Amino acid sequence: MRDTRESRLLLVLLVAIAFALITVDIRGGQESPVDGARQAAAAVFGPVENGVAAAVDPIGNAIGAVRDSGERHTRIAALEKENAELKAKLGSDDRNRNRLRELDSLLKTAGAGQYGVKGAQVIAIGAAQGFSWTVTIDVGARDGIRRDMTVLNGAGLVGRVTTVGPSTSTVLLANDPDFTVGTRMEKTDELGFATGQGDRPLLVQLLNGKAKVKAGDRLVTFGSRADKPFVPGVPVGEVVRVDPAGGGLTRNVYVRPYVGFTKLDIVGVVVQAPRSDPRDTVLPQKPKPAPTVTVTVTAKPPAEGEQAQGEKADRPLQDQPLADEAEKPAQDQARQQPQDENQPQDQPQDPNGQEDATP
């Protein structure tokens with residue numbers, strides 16, 4: 001149809017008639033005059049609508065499935081994230097319990113030695129700072145940390161602070177080959193110097209070449225002048241091997257450190273030294289040896305009749321031949337005794353074979 005004036009008037013007329021019918025239908029309600037026409041149209045166009053719907057529904061369902069799949073994917077991702085958070089929470093609970101134990105042990109050690117400590121956590125190991133045995137802790141100058149401060153944990157000496165940043169610090173561990181600390185033997189007070197050997201025991205050079213030392217003896221830090229870099233009384237380790245005394249001025253012993261340098265987590269930096277040397281009070285108590293169990297068995301004495309019958313049976317087998325041999329001389333002696341005088345003796349015979357007739 002061409003766009004002419006007549007066609008435009010026809011379109012306007014049809015639109016006006018449609019609005020008029022809609023208005024009449026709405027006002028008429030159930031008794032609408034166009035209800036019959038609507039039913040007739042439904043009867044004619046209803047099958048067509050069903051056919052079109054049957055053809056179009058799969059496409060609509062596919063589009064809906066695609067739309068819903070995005071929502072389901074989002075929901076699954078949310079559930080997976082929630083599950084991961086729950087697992088992380090459970091794991092963090094175990095880690096937190098372990099940290100609480102380490103912190104409690106650190107506080108007990110600090111209390112025993114009267115050390116003022118600043119708690120810290122190890123956040124990095126020394127690979128980024130070279131190949132030396134160092135760790136990085138999460139406290140620095142803002143927390144009052146200074147160079148050459150003693151670092152310890154609940155087990156004993158960890159190391160000393162070597163580099164300080166605004167919020168982090170570097171700690172040189174006691175097992176580093178460049179680490180040296182003065183030591184003092186428990187009870188005997190023998191002095192020496194401990195040097196790190198990596199993953200091997202510490203080498204301690206005692207100043208007394210004739211010092212009496214044995215495996216199991218324990219050492220603590222001797223302390224430095226003005227308590228820097230080391231405060232006194234911090235547990236170092238336990239002697240595991242002693243070199244033979246060679247008549248020299250010094251003597252070497254090997255000490256297993258109390259601290260596990262490969263599993264450090266919670267440590268403390270000593271920011272205030274004790275007023276007096278705690279000496280051996282910070283060392284852990286030695287375990288008490290387990291009591292030896294002794295079992296005593298008492299034999300029941302046999303009855304009188306059983307004793308008489310069992311004397312010979314109870315005699316050791318090796319003793320019985322000796323007893324028989326002891327009886328043999330007595331029997332031989334009885335055979336050699338002279339016969340009784342009243343018993344007739346054999347008459348001597350003549351050498352010629354005749355009996356002697358002499359009375």
Side-chain angles (χ1 to χ4, degrees), residues 75-129 132-147 149-176 179 196 198-199 220-221 230-231 233-238 256-274 278 281-287:
R75 180 57 179 167
I76 291 173
L79 291 175
E80 289 178 349
K81 182 180 179 181
E82 183 178 356
N83 190 21
E85 291 176 353
L86 291 175
K87 290 181 178 180
K89 184 177 180 180
L90 292 175
S92 64
D93 288 342
D94 294 337
R95 187 177 182 184
N96 289 335
R97 282 192 291 268
N98 184 50
R99 287 182 175 179
L100 287 175
R101 286 192 296 268
E102 292 188 9
L103 180 60
D104 182 66
S105 178
L106 171 63
L107 294 177
K108 288 181 179 178
T109 299
Q114 298 299 309
Y115 307 122
V117 299
K118 178 68 177 181
Q121 181 181 352
V122 175
I123 58 176
I125 59 176
Q129 301 144 355
S132 59
W133 290 79
T134 59
V135 295
T136 302
I137 56 178
D138 62 350
V139 293
R142 297 173 184 173
D143 305 289
I145 307 302
R146 300 291 181 268
R147 180 184 171 88
M149 285 186 169
T150 307
V151 182
L152 51 81
N153 65 3
L157 179 66
V158 172
R160 63 182 177 88
V161 177
T162 56
T163 306
V164 180
S167 58
T168 61
S169 302
T170 302
V171 178
L172 182 68
L173 300 181
N175 64 336
D176 188 272
F179 185 95
D199 55 358
V220 297
T221 56
F230 303 108
V231 294
V234 180
V236 176
E238 182 177 309
R256 180 179 64 246
Y258 288 123
V259 174
F261 298 105
T262 59
K263 52 182 180 180
L264 292 172
D265 189 10
I266 303 298
V267 298
V269 182
V270 180
V271 295
Q272 183 178 358
T281 59
V282 189
L283 284 169
Q285 295 183 356
K286 290 185 176 181

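What you see is a predicted model; the values in this text were computed from it and never measured.
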remark   = Contacts of D138 meeting side chain to side chain donor-acceptor pair (under 3.5 Å) (sequence neighbours excluded), chain-then-number -> none

Side chain to side chain donor-acceptor pair (under 3.5 Å) partners for R147, two or more places apart = none

Test side-chain contact (heavy atoms from CB on, under 4.5 Å) applied to [X] - qualifying residues, sequence neighbours left out:
X	value
P278	Y115, P232, P274, T281, V282
N98	R101, E102
L283	E186, R218, V220, P235, Y258, D280

Note, V161 side chain near V151 side chain (heavy atom, < 4.5 Å) =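 V161 vs V151: side chains touch.
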
query = Taking the side chain as C-beta and beyond, is there a heavy-atom pair between L106 and V267 under 4.5 Å?
reply =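 They are not in side-chain contact.
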
At their closest point, which heavy atom of [X] faces which heavy atom of [Y], and how far apart are they?
X	Y	result
D176	S132	OD2-CB, 3.2 Å
V139	G119	CG1-O, 3.7 Å
M149	G144	CE-O, 3.7 Å
G198	W133	CA-NE1, 3.7 Å
A141	V164	N-CG1, 3.5 Å

message = If we ignore hydrogens and angles and just use 3.5 Å, is the side chain of T221 paired with the main-chain N or O of V234 as donor and acceptor?
response = yes

query = Between the side chain of T136 and the main-chain N/O of I123, is any donor-acceptor distance below 3.5 Å?
reply = no

Pairwise salt bridge (Lys or Arg N to Asp or Glu O under 4.0 Å) hits with a residue in residues 149-158, at least two apart = none

ask   = Going by the side chain to side chain donor-acceptor pair (under 3.5 Å) test, which pairs reach into residues 152-163, not counting sequence neighbours?
value = D148-R160

Output the distance between atom [atom1] ([X]) and atom [atom2] ([Y]), rounded to the nearest 0.5 Å.
X	Y	atom1	atom2	value
L100	I266	CG	CD1	9.0 Å
L157	T150	CG	OG1	7.0 Å
T262	L173	OG1	CG	10.5 Å

key: Set of ring-ring contact (aromatic ring centres under 6.0 Å, His included) partners for F179, sequence neighbours left out   =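 Counting only residues at least two positions away or on another chain, F179 forms a ring-ring contact (aromatic ring centres under 6.0 Å, His included) with F230.
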
For R99, all residues meeting salt bridge (charged side-chain N to carboxylate O under 4.0 Å, His left out), sequence neighbours excluded =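 Only D265 meet the salt bridge (charged side-chain N to carboxylate O under 4.0 Å, His left out) criterion with R99.
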
